[in-house]
Number of protein chains: 2
Amino acid sequence: MVTVGIKEVARRAGVSPGTVSNVLNRPERVAPATRTRVEEAIRDLGFVRNGSASTLRAGQSRAIGLVVLDVGNPFFVAVARGVEDVVSDRDHAVILCNSGESPAKQARNLRVLAEQRVRGVLITPVDDDTSVLRRLRDRGVAVVYVDHPASGDVCSVAVDDVAGGDLATSHLLAGGARRLAFVSGPPAIRQCSDRRRGALRALETAGLPADALTDIVVPEMNAHGGRLAAETLLSDGLPDAVFCANDLLALGVLRALSQAGVQVPRDVALIGYDDIEFSSAAAVPLSSIRQPMYQLGKLATELLLEECDDPAGHAHQQIMFQPELVVRESSSP
Amino acid sequence: MVTVGIKEVARRAGVSPGTVSNVLNRPERVAPATRTRVEEAIRDLGFVRNGSASTLRAGQSRAIGLVVLDVGNPFFVAVARGVEDVVSDRDHAVILCNSGESPAKQARNLRVLAEQRVRGVLITPVDDDTSVLRRLRDRGVAVVYVDHPASGDVCSVAVDDVAGGDLATSHLLAGGARRLAFVSGPPAIRQCSDRRRGALRALETAGLPADALTDIVVPEMNAHGGRLAAETLLSDGLPDAVFCANDLLALGVLRALSQAGVQVPRDVALIGYDDIEFSSAAAVPLSSIRQPMYQLGKLATELLLEECDDPAGHAHQQIMFQPELVVRESSSP
DNA sequence: CGAAATCATTAAAACGTGTCAATCGGCATC
DNA sequence: GATGCCGATTGACACGTTTTAATGATTTCG
């Protein structure tokens, strides 16, 4: 393993290591003639900068961390795309981490990111325990919440989940449903509890009691969780309508119900959340709540980089998008 | 930004920096009493080790790179899961990169990984240009091909795509189809060309001419590409059956055809590739070719780490899995 | 009881880059 | 022709960790 470093390049180009460094970092400071000479040497020797050394010296790396709940969820994939597009313009890198909805994995990921001295972290937190994040910020790492509202001292980009829950539920109620089920992951996940609160608000607006809504909590917010929920639905008796906290759950529910001979929407109405691409292509096209996923990632990254570039003059912002109801066959009588 | 380093921990614990390093890396070498003292100091000061410094000193980091064609494709998400599970046991990290089927992005990603001095790289190459990879290996970075067969001097884990293409096509032919269309991305992508070769083999076996297969090439192997392909199908006249190089394409084709009033499988049979979870939940459940996605990632990672740990005694292996036909409604008359 | 051996700890030298004060050379001004 | 000035380049040090050879402390054995 031959390690060609900055000083070999320097020797080859007949300059000092300092000049090579300048070519890499502030090309404008070095005379055009020597610059091309150095660039040739770099090409000839196949030199690639040692990121560790550069990070060590500079005190921070040219990477940001993105911690999401589930890389298997197209929602977060779309968010990641937004992040990637902004970041690659500034030739930074994204370290994508998956917390799998587990606080332990989230903590492990954050430790790795802290070790890597990332400039900043975009995170969809697993729960409301902000202590880990606070420690990160104390260490000088900028943090922006993604899909999670925050209070004054930190930036956040989110979508109004209470409004979304209300939208979905009001739509189901307008369709004539009276007994509802809410399928979601652990209530510690804010998206779940907020969407539930929205559902309850809709019930109240409609003059219905809160116990018209039955909670079904499953451990994982994916298709498998959805199938588990369907088992409960089938054994406990079907409600008029089912509201799932995301589309993966809804697809799982839909699948399991169909296999059991239950027809959607005839026997039970169904609505999901996120409006991922697959929802419209499902066996029964899925009604859902649309969110600006790509925008979420994009804007969050812009806020993060702004804070990194000017920590002092940066004013924290909390952005809140509004979700949108998308009606398809699964909830139309 | 306060930087608490190893030497502050040392001072607090009343030992030398070297001892703190030993506690971190070879705890067995330090006496239990001092070890706990150091561990307390670490906790008290909230010390986290500077990964750059340790990477710089060690010459390589404790991370591996994974470069995939499309993070939006559930196939690669499943592969990534396999990788992640193996790697996190050895407490290494995975840097996940998306080449988006573009050689330029792939090259950029590899540069970043080289800068980070990753121990090894798992990659599904965009094309057959191995020069970049060869340079990486010359620099001492282990490389394993994922979902891409290789020749003797490098490890690879792949699935027999020719066999898969044959399986899919033979199945369509057995269903009575005579005129076929093959929808895929650019033929430079090996998965596409191999599956096509398998399709041609099946035609030959059945005694049909090669021009019974019409190629439809789209720029992106996702649902959008599928919709583009469907436009071509509709304007050029429908074949008896359509074989798509992956399920995302097939879902897009299915969707667009349905919207145009074409019924699957009555008007045209359809089969995809990969057997991603959504395929079975589609409007018309999709026939497909199943691949051991998780196993692919898992085994590739094991080979990679084996090579990293013992570069000299390592014998390169080329693993080839066999795919499996999954028949569902989209191809059953 | 002294010497040897074992064990725990330390001091100092790297790793490759970025930074900054210092130097050099060329040029214009007086 | 001396002086000052400015841009280009240099040299040396620092970043935080790991590692190795050496030191100090303690035990074992003759």
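The figures here come from the full heavy-atom set of this structure, side chains too, leaving out hydrogens, waters and symmetry mates. To find a chain, count down the sequence lines: A is the first, B the second, and so on, and within it residues start at 1.
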Report all side-chain donor-acceptor pairs from residues 310-318 of chain B shorter than 3.5 Å, counting only partners two or more places apart or in another chain.
{"unit_1": "B:D310", "atom_1": "OD1", "unit_2": "B:G313", "atom_2": "N", "d": "3.1"}
{"unit_1": "B:H314", "atom_1": "ND1", "unit_2": "B:E306", "atom_2": "OE2", "d": "3.4"}
{"unit_1": "B:H316", "atom_1": "NE2", "unit_2": "B:D153", "atom_2": "O", "d": "3.3"}
{"unit_1": "B:Q318", "atom_1": "NE2", "unit_2": "B:S151", "atom_2": "O", "d": "3.2"}
{"unit_1": "B:Q318", "atom_1": "NE2", "unit_2": "B:V154", "atom_2": "O", "d": "2.7"}

Would you jot down, in residue-number order, the residues of residues 9-21 of chain B having a non-hydrogen atom under 4.0 Å from DNA chain C?
B:V15, B:S16, B:T19

Throw together a table of side-chain donor-acceptor distances under 3.5 angstrom for residues 294-303 of chain A, partners on residues two or more places apart or in other chains.
{"unit_1": "A:Y294", "atom_1": "OH", "unit_2": "A:D85", "atom_2": "OD2", "d": "2.5"}
{"unit_1": "A:T301", "atom_1": "OG1", "unit_2": "A:G297", "atom_2": "O", "d": "2.6"}

Would you confirm whether A:S99, through its side chain, and A:V68, through its main-chain N or O, come within 3.5 Å as a donor-acceptor pair?
yes

Chi angles and distances behind the side chain to side chain contact (heavy atoms under 4.5 Å, CB included) call for A:I42, A:L24:
CA-CA 10 Å; A:I42 288 179; A:L24 291 171; 4.0 Å; yes

side-chain hydrogen bond (donor to acceptor under 3.5 Å, both in side chains): pairs with one or both residues in residues 38-52 of chain B, sequence neighbours excluded:
B:R12-B:D44, B:N25-B:R49, B:N50-B:S52

Quick check on the helix from C:dC1-D:dG30 to C:dC30-D:dG1: what's the angle between its two end axes, five base pairs per end, to the nearest 10°?
50°

Could you tell me whether B:A31 contacts a base, only the sugar-phosphate backbone, or nothing, with contacts defined as non-hydrogen atoms closer than 4.0 Å?
sugar-phosphate

Looking at A:R90 and A:D309, is there a salt bridge between them, counting it only when a charged N and a carboxylate O are closer than 4.0 Å?
yes

Which residue pairs satisfy the ring-ring contact (aromatic ring centres under 6.0 Å, His included) criterion with at least one member in residues 81-140 of chain A, sequence neighbours excluded?
none

Run A:R117 and B:V48 through side chain to side chain contact (heavy atoms under 4.5 Å, CB included) and show every step you take.
CA-CA 10 Å; A:R117 298 295 191 268; B:V48 308; 3.5 Å; yes

Among residues two or more places apart or on two chains, list those pairs meeting ring-ring contact (aromatic ring centres under 6.0 Å, His included) that have a residue in residues 100-148 of chain A.
A:Y145-A:H148

Side chain A:T55, main chain A:G51, donor-acceptor under 3.5 Å
yes

What residues, two or more places apart in sequence or in another chain, satisfy side chain to side chain donor-acceptor pair (under 3.5 Å) together with A:R29?
none

Contacts of B:R29 and A:N25 projected onto DNA chain C by closest heavy atom; the upstream (5') one is B:R29

Please walk me through it: do B:V71 and B:F76 pass side chain to side chain contact (heavy atoms under 4.5 Å, CB included)?
CA-CA 6 Å; B:V71 278; B:F76 289 110; over 6 Å; no

Excluding sequence neighbours, so at least two apart, what forms salt bridge (charged side-chain N to carboxylate O under 4.0 Å, His left out) with B:R62?
B:D91

So where does chain A start and stop touching DNA chain D, 5' to 3', when the test is distance under 4.0 Å to a non-hydrogen atom?
D:dA8 to D:dG16

Covered region of DNA chain C, 5' end to 3' end, by chain A [heavy atoms, under 4.0 Å]
C:dG16 to C:dT19

Over all strands shown, is A:T55 touching base, sugar-phosphate only, or nothing at heavy-atom distances under 4.0 angstrom?
nothing

A:D147 and A:Q191: side-chain donor and acceptor closer than 3.5 Å?
yes

In residues 35-54 of chain A, which residues come under 4.0 Å of DNA chain C by heavy atom?
A:F47, A:R49, A:N50, A:A53, A:S54

Closest approach of A:A142 and A:C308, non-hydrogen atoms and distance?
CB-SG, 4.0 Å

